[in-house]
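Worksheet for the structure shown next.
The figures that follow rest on heavy atoms only: side chains count, while hydrogens, waters and symmetry mates do not. Please read all numbers here as calculations on a predicted model, not as lab measurements. Each ligand, and each atom within it, is numbered from 1 in the order the structure gives.
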Amino acid sequence: MLSRKTAIVTGSTSGIGLGIARALAGVGADLVLNGFGDRDEIETLRRSIATEFGVRVVHHGADLSKPDEIRSLVGHAQGEFGRVDILVNNAGIQHVAPVEEFPTDRWDAVIAINLSAVFHGTHHVLPGMRERGWGRVINIASVHGMVGSVNKAAYVAAKHGVIGLTKVVALETAGSGVTCNAICPGWVLTPLVQKQIDALAASQGIGVEEAGRRLVGEKQPSKEFVTPDQLGGLAVFLCSDAAEGMTGSAVTMDGGWTSQ
Ligand code: NAD
């Protein structure tokens with residue numbers, strides 16, 4: 001379905017980004033992986049996806065808090081594959097603290113990686129997408145783009161911003177063959193969330209498994225984590241012909257969180 005298409009998936013060395021990268025490779029897309037991690041482990045991951053799905057895969061280690069490195073990431077993809085057809089803006093970090101105690105450098109980092117990077121990446125890929133008359137920008141926002149939660153000021157502000165940016169890009173590209181949509185996951189069990197589970201276990205003096213159950217049970221009526229594979233399936237749908245008329249949407253996959 002996506003053979004001869006090239007996708008950049010930011011933050012794809014782990015968690016949701018990796019699930020989406022694998023799903024896109026599964027339908028034939030060549031990939032530019034991005035994200036941090038052990039160099040050998042990333043190389044093993046790169047090779048294993050290329051071999052399993054018979055696609056070309058490269059990795060670029062751009063730090064998405066730095067606009068110049070985002071430009072290099074897109075330039076590298078264009079140099080390797082001649083084009084970027086799909087951009088999945090996924091990389092993200094979290095910091096949890098009340099507003100009065102929120103460190104300024106953590107605020108700046110969350111806004112830079114979770115929001116500004118979405119702008120910079122989109123800014124660089126849109127001209128080529130417009131020229132070819134086809135493109136997909138998929139922004140991994142969150143239920144926190146729709147509702148708030150205590151102690152997540154920067155994250156909630158960034159994710160609301162991502163949904164606003166998604167709408168503007170959708171309007172500016174309407175009718176061009178390019179679509180821009182946001183995916184809003186609820187709890188997904190990834191390293192980003194494992195840190196919050198570990199902190200809950202420590203603060204409440206309970207086991208990690210019980211903390212995981214409490215965390216997901218408190219907000220998510222399904223009481224089940226959403227999975228990176230399920231989100232990968234949704235990203236593939238957004239790249240399909242069936243989703244051609246869909247742009248500017250913020251689609252939840254949250255086990256019912258935002259229906260309450
Ligand atoms: P994760 O920690 O498992 O993965 C984050 C990825 O981003 C990693 O590959 C990491 O190396 C990369 N990354 C972090 N900082 C980076 C930087 N400065 N430059 C480049 N790459 C960087 O996290 P995840 O849970 O898979 O989260 C992925 C996205 O999904 C984030 O935007 C997050 O906000 C969003 N999200 C997660 C959940 C959840 O429950 N896990 C829910 C809703 C939304």
Measure the distance from [atom] to every protein heavy atom, then report the residue, atom name and distance (to 0.1 Å) of the closest one.
| atom | value |
| --- | --- |
| atom 3 (O) of ligand 1 | Ser14 OG, 2.7 Å |
| atom 23 (O) of ligand 1 | Leu192 CB, 3.4 Å |
| atom 9 (O) of ligand 1 | Thr13 OG1, 2.8 Å |
| atom 43 (C) of ligand 1 | Pro185 O, 3.3 Å |
| atom 6 (C) of ligand 1 | Gly11 O, 3.4 Å |
| atom 18 (N) of ligand 1 | Asp63 OD1, 2.9 Å |
| atom 42 (C) of ligand 1 | Gly186 O, 3.0 Å |
| atom 11 (O) of ligand 1 | Phe36 N, 2.9 Å |

Can you list the atoms of ligand 1 that are under 4.0 Å from a heavy atom of [X]?
| X | result |
| --- | --- |
| Ile140 | 30 (O), 32 (O), 35 (C) |
| Val193 | 39 (C), 40 (O), 41 (N) |
| Gly15 | 3 (O), 26 (O) |
| Asn34 | 20 (C), 21 (N) |
| Gly35 | 11 (O), 21 (N) |

Does the pair [X]/[Y] count as a salt bridge with the N-to-O cut at 4.0 Å?
| X | Y | value |
| --- | --- | --- |
| Arg39 | Glu43 | no |
| Asp198 | Lys195 | no |
| Glu210 | Arg214 | yes |

Option nearest [atom] (shortest heavy-atom distance, choices [options]):
| atom | options | value |
| --- | --- | --- |
| atom 41 (N) of ligand 1 | Leu33, Val188, Asn139, Ile42 | Val188 |
| atom 25 (O) of ligand 1 | Leu189, Val216, Thr190 | Thr190 |
| atom 29 (C) of ligand 1 | Ile16, Asn114, Asn90 | Asn90 |
| atom 5 (C) of ligand 1 | Gly37, Gly92, Ala91 | Gly92 |

Counting only heavy atoms, which portion of [X] has something under 4.0 Å from ligand 1: side chain, backbone, both, or neither?
| X | value |
| --- | --- |
| Ile93 | side chain |
| Ala141 | backbone |
| Pro228 | neither |
| Ile113 | side chain |
| Gln94 | neither |

Looking at Trp187, does the NZ or CZ of Lys223 lie under 6.0 angstrom from its six-membered ring centre and within 45 degrees of the ring axis?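 Cation-pi check for Lys223 and Trp187: fails.
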Heteroatom distance test ([X], ligand 1): nitrogen or oxygen, under 3.5 angstrom:
| X | value |
| --- | --- |
| Leu64 | yes |
| Tyr155 | yes |
| Trp187 | no |
| Val143 | no |

For residues 167-174, tabulate all N or O donor-acceptor pairs below 3.5 Å that involve a side-chain atom, not counting sequence neighbours.
from   : atom 1 : to     : atom 2 : distance (Å)
Thr173 : OG1    : Val169 : O      : 2.7
Thr173 : OG1    : Ala170 : O      : 3.4

Side chains of [X] and [Y]: do they bring a donor and an acceptor to under 3.5 Å?
| X | Y | value |
| --- | --- | --- |
| His60 | Ser72 | no |
| Thr227 | Asp229 | no |
| Thr166 | Asn139 | yes |

Which residue is it: Arg4, Arg136, Arg132, Arg130? I am looking for the one with a salt bridge (Lys or Arg N to Asp or Glu O under 4.0 Å) to Asp85.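 Answer after filtering Arg4, Arg136, Arg132, Arg130: Arg132.
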Are the ring centres of His95 and Tyr155 closer than 6.0 Å?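 Centroid separation for His95 and Tyr155: 6.0 Å or greater.
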How far apart are the closest heavy atoms of Gln78 and His124, and which atoms are they? NE2-O, 4.2 Å
d(Glu244 CD, Thr179 OG1) to nearest 0.5 Å is 8.5 Å
If you round to the nearest 0.5 Å, how far is CD of Glu80 from CG of Leu31?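 Taking CG in Leu31 and CD in Glu80, the distance rounds to 12.5 Å.
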Strictly under 4.0 Å, does any heavy atom of [X] approach an atom of ligand 1?
| X | result |
| --- | --- |
| Ala62 | yes |
| Lys159 | yes |
| Gly61 | no |

With side chain to side chain contact (heavy atoms under 4.5 Å, CB included) as the criterion, how do Asn90 and Ser12 come out once you've worked through the C-alpha distance, each side chain's angles and the decisive distance to 0.1 Å? CA-CA 8 Å; Asn90 165 79; Ser12 48; 5.7 Å; no
Only one of Ile8, Asn114, Val137 passes side-chain contact (heavy atoms from CB on, under 4.5 Å) with Asn89; say which it is.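 Single pass found, and it is Val137.
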So does Asn181 get a backbone contact from the side chain of Ser249, meaning a donor-acceptor N/O pair under 3.5 Å? no
Check whether Glu209 reaches the backbone of Arg213 with its side chain - one donor and one acceptor, N or O, closer than 3.5 Å. no
